Every structure is written in C-alpha cells, then in structure tokens.
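Working notes, beginning with the structure itself.
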Amino acid sequence: MKKRVIVWFRRDLRLADNPALTAALGGGFDSIVPVFIHAPDELGDWAPGGAQRVWLHFSLEALAAQLDSLGSRLIVRTGPTQETLDELIEESGASAVYWNRLYDPLTIARDKKIKKHLDDSGMETASFQSHLLYEPWTVETKQGKPYKVFTPFWKSVRDRTISAPLAAPNTMPQVWSRIGSRSLASLDLLPRIDWDKEIREAWTPGEDGAHDRLEQFLDDAIENYDNDRDRPARHGTSYLSPHLHCGEIGPRQIMHRLEEWLDEHSGKALQDHAASFRSEIGWREFAHHVLYHFPDTPEKPLDERFEAFPWSGDDEGLKRWQRGQTGIPMVDAGMRELWATGYMHNRLRMTVASFLTKNLRVAWQHGERWFWDTLVDADLANNTLGWQWATGCGADAAPFFRIFNPARQGERFDADGEYVRRWVPELAKLENRHIHEPWKAPAKALKAASIRLGTDYPEPIVDLKASRREALEAFDRIKKSD
DNA sequence: GAGCAATTCGA
DNA sequence: CGAATTGCT
C-alpha cells in the first residue's frame, strides 16, 4: 500500500526551513501532495486586502515554479478548506496531512476544527512551528501571565537557543497527474486595472526574492541600521516584512543568517546595529504573542477605557488622510507612498497613525482597516499592535500625551525634504526650512516655489497645536470617567 | 532639560 | 521597587 501525505501550504510559502515539508519528506511516504487552498471567507473581516492579494498571487507563482523544478507540483484549490481537504484525501489516497501553524484567531479556530475532523476520520495530522521563533504559549511572566510590555518580553526570550533552519529539498516525489489543480489566475487575486505596477517593479515575491532581500540588507544597510532605519528617504530598513508575512523566509532563517554574517564581519558598532535589528524581529514576535493572548485586539482596544473615547467621526478628515491631502507634508507623503507603492516606511506609519488618531481624532480602527487594504505587508498581528501602540490604547503603559508632531518628525528624519519632495512634488521647489510647514512660509517663499496654498497644495485641514491639546483633553476625560 | 501625570507592568 | 520604542512644548 502506497503511503501518501498532503502538505497543506498556507503562509509558509517556502521550501527551506519548512518543518511540515521536511517531516513529510522524512516520513517514509511514497508521495507528497503540496496544496494551497484559497479560502478568504474563512478569515472573516481579515481576508487578505488588495495589496496582499497581489503579493500572494506572485508568491504562489514562485512556489509553484520551485516545486515544478523539483519534479513536484503545487495543487491550487479553493475552499471551504475542510471539504477541499476531504476531496484531496479521497483523490490521492493520502493518510496524513501536515502543516505549519499560524496564530491569528480565526485561523486558529478553523485549524483546530479541521484537525479534529481529520483526527476523527482516522487521518494522521501534524502541525509544526515555523512562523515564529517562540510559541506564544511558551512565554509568560513570573505570575504566569502574557507580557504586555515589549522590553521585558524580549529580555525573557532573546537568549533562548534558536534551532538551526532546515535545508530545502533537492528533489521531490511526483504528484499523481490525476490530481487536478486550478490555475492561479482563476483565484482572481490580481486587480482588474493595473494599479499594482509599482508593487511588481519594487518587489520580488517568493523565496528567492526574500533571501536576496536579506543579503542586500546585510551587504548595504545593516552597518548603518541604527541611523538610517528612521530616515524614510533612504533604504535603511530590511524590507523583509511582506516576505515574512507570507512565510517566504522564516525568522529562524533570518536570525541564523545574521549570526553567520556577523561571524565574518566583526566590530562593536556592528553588534549594536545587529541588536537593534534583532529587536525588530522581536517586535514581530511580541505582536504575535499579544494577538494570541488577546484575540479581540484587532477590533477592541486592550485598554478598555478607550471604548469610551470621544472619536470625532470626521469622515472628511479620514478621506483626506487616505488620499494624502491633509496639507501636512509628512503625512501626505507617507499616505501617497502607501497608495502608490503598497508600502510605507515605518517612521511614517507612526507619524500618520498619530495624526489620524490624535490630531483628527478618528478611531484607530479606520486607519487599521485602510492599512489592511493597502499595505503589501499587511499582517494582522503587526497591524493591530502598531495601531494600538500609536493610539496609546495598546500593550504598554505609554502615555497618551506622546503625540507626534508631523512637522518635527520631518525636521528630524527628513531634514533635507527629500522624502516629501519625492511624494509631494507640488512642494518640490520650496526651501528646506519651509518644506515641512508650508503654511508658515512667507508669501514670497511660496511664490518663488510656484505654490498657491489652497490651490496647488491644501491648507492644513487641522491646526496641529490646537488639535493636540483637544486630544489631550479628551484623554483626560476618559481617564477620569474610569 | 524639565514637565507632561501619574500609571501599569513585571521582578 | 524600577522601568516603560522610537515625543513635544
């Protein structure tokens, strides 16, 4: 009797360091059926957004090509997942299903149900850790509770040993030709109008693209990480987030390769830069930890007092924010970068989130949703943590009064206005000293730069100082009403 | 460089 | 008890 196993791919679209795949290859099976099941309905409100879908399309295309080159084949199906797995089991005669674990609430619930169903019908099932360095349930405070503050979380886990990543297979068993697959195109992941051009040009989804990015980061950017990662005009960050989201590379591989690289490049300064980068990977772990233990946080503030926060309900403000027409250069630059490319530099993510929630006092869930639909790296854990952090209703005791001033942010991190000029070209001719606050520029300076405020570029839709004060007052009220 | 405004977390 | 991502006026 032939033994066959289904490897159920999800957001682990890689061959190297893929424990489910490795277990299947080492499990004495005669055949392996690699399958991806597209079932966005099962993710409720958090089905992949527009930009994510584009990424997923190309990532699946890359995985399919890799499997082809090893003599295997990616089977693509659509949900419902449980029924689809049942059909595949029937068609292939598989006796086992293996997969790698994910941690968002709806996926956990679905996977549990499917595991029980498969177990009950006599299948062998196994799930594996590959998406995170530290399983959320293995990390707790001395009181046995989940962590709510990053630093103690990170201190408690960062010295744990990380096992070596698994090698990619050199060859794989053929997939029975009778097992049919849908075409990728039929999943309808790509947009009808080609707004995704910039995404295609700027990125290479897939496992090879992910590793190239990591190498590029090590070669070019890590030596200045602490200084350059906050400067949006530079390429100072790793750009690994969308690759990590789809699991084209895993955190274990990143950490391992980093150590290997550091062994070849010594220096105290480099160690510091590497520590900062590691802690960013740590933030991703922390975000998953918090989402796992507080599964309501995509919708609800962790700090319950914020349920009563007097949001403005400013629809017009939200629209202008989305379109990059707020009249605040840094905010508009960030929002336009997002709209044009599906990506936004992290420094700007904090700045625009602070502006939306504090200065416009629009509920953070609206911004979270917009990011979800537009970001190519939209990730439920990271997006949720980021928005709650920026709002001040999240995991740490950060004071609400820590409100970003977009003009100060511009002066500090985009001093020469390069980033603003790139994304808000109508301000291109304005001198550096006015570029982050055009409303304060003298008439002469505006004229010299051919800018008519309110015509060529909007007047600020809100007064930064007054709106900051009002936000603080609103926070005072919910604090006292507790 | 202090004050924001005292709070919550976590050892 | 000390500490708390990345701030602003």
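Just so you know, these numbers come straight off a predicted model, no measurement behind them. Below, read A as the first sequence line, B as the second, and so on, with proteins coming before strands; counting in each chain starts at 1.
Distance from the side chain of Arg468(A) is smallest to dG7(C) among dG10(B), dG7(C), dT5(C).
dT5(C) atom C1' lies 16 Å from atom CD of Gln388(A), rounded to whole Å. In this structure, CE of Met330(A) is placed 12 Å from P of dG7(C), rounded to the nearest angstrom. We find that CZ of Phe153(A) is positioned 16 Å from C1' of dA4(C), with the value rounded to whole Å. Between Phe475(A) atom CZ and dT8(B) atom C1' the separation is 12 Å, expressed in whole Å. One can place CZ of Arg349(A) at 19 Å from P of dT6(C), the figure rounded to the nearest angstrom. Per the geometry, CZ belonging to Phe294(A) stands 13 Å off C1' belonging to dT8(B), to the nearest Å. Between Lys148(A) atom NZ and dT5(C) atom P the separation is 14 Å, expressed in whole Å. The separation between Lys142(A) atom NZ and dA3(C) atom P is 16 Å, rounded to whole Å.
Applying the salt bridge (Lys or Arg N to Asp or Glu O under 4.0 Å) test to residues at least two apart or on different chains, the pairs with a partner in residues 257-266 of chain A are Glu215(A)-Arg257(A), Arg257(A)-Glu260(A), Glu259(A)-Arg278(A).
For the contact set between residues 404-412 of chain A and DNA chain C, defined by any heavy atom under 4.0 Å, the members are Phe404(A), Asn405(A), Arg408(A), Gln409(A), Arg412(A).
Checked against a 6.0 Å centroid threshold, the rings of Tyr239(A) and His235(A) count as neighbours. Between His131(A) and His288(A), the gap from one ring centroid to the other is short of 6.0 Å. Ring centroids of Phe277(A) and Tyr225(A) are separated by less than 6.0 Å, placing the two rings close together. If you look at Phe128(A) and Tyr98(A), their ring centroids are closer than 6.0 Å.
Both geometric conditions, a ring-centre gap below 5.5 Å and a plane tilt below 30°, are fulfilled for Trp283(A) over the base of dT5(C).
Note on Tyr147(A): a side-chain N or O is less than 4.0 Å away from OP1 or OP2 of dA11(B). Not one side-chain nitrogen or oxygen of Arg229(A) sits closer than 4.0 Å to the OP1 or OP2 atom of dT5(C). Of the side-chain N and O atoms in Thr151(A), one or more sit less than 4.0 angstrom from OP1 or OP2 of dT5(C).
Between the side chains of Ser127(A) and Arg101(A), at least one donor-acceptor pair of N or O atoms lies under 3.5 Å.
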Evaluate the criterion side chain to side chain contact (heavy atoms under 4.5 Å, CB included) for residue pair Trp339(A) and Arg323(A); output intermediate values, then yes/no. CA-CA 8 Å; Trp339(A) 186 244; Arg323(A) 290 168 190 169; over 6 Å; no
Applying ring-ring contact (aromatic ring centres under 6.0 Å, His included) to Tyr343(A) and Trp203(A), what does each step give before you reach the verdict? CA-CA 10 Å; Tyr343(A) 187 82; Trp203(A) 303 91; 5.4 Å; yes
Derivation of the side chain to side chain contact (heavy atoms under 4.5 Å, CB included) call for Leu385(A) and Trp283(A): CA-CA 9 Å; Leu385(A) 189 89; Trp283(A) 272 94; 3.5 Å; yes
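Rounded to the nearest Å, the gap between the C1' atom of dA11(B) and that of dA4(C) is 14 Å. Nucleotides dT5(C) and dG10(B) are separated by 10 Å at their P atoms, to the nearest Å. Here the separation of dA6(B) from dA3(C), taken at their P atoms, is 22 Å to the nearest Å.
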Let me check I have this right: for DNA chain C, each base becomes ., (, ), [, ] or |, based on Watson-Crick or G-U pairs with both distances under 3.5 Å. What is the full string? ||||..|||
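Among all heavy-atom pairs drawn from Asp314(A) and Val362(A), the shortest one is O-CG2, 3.8 Å.
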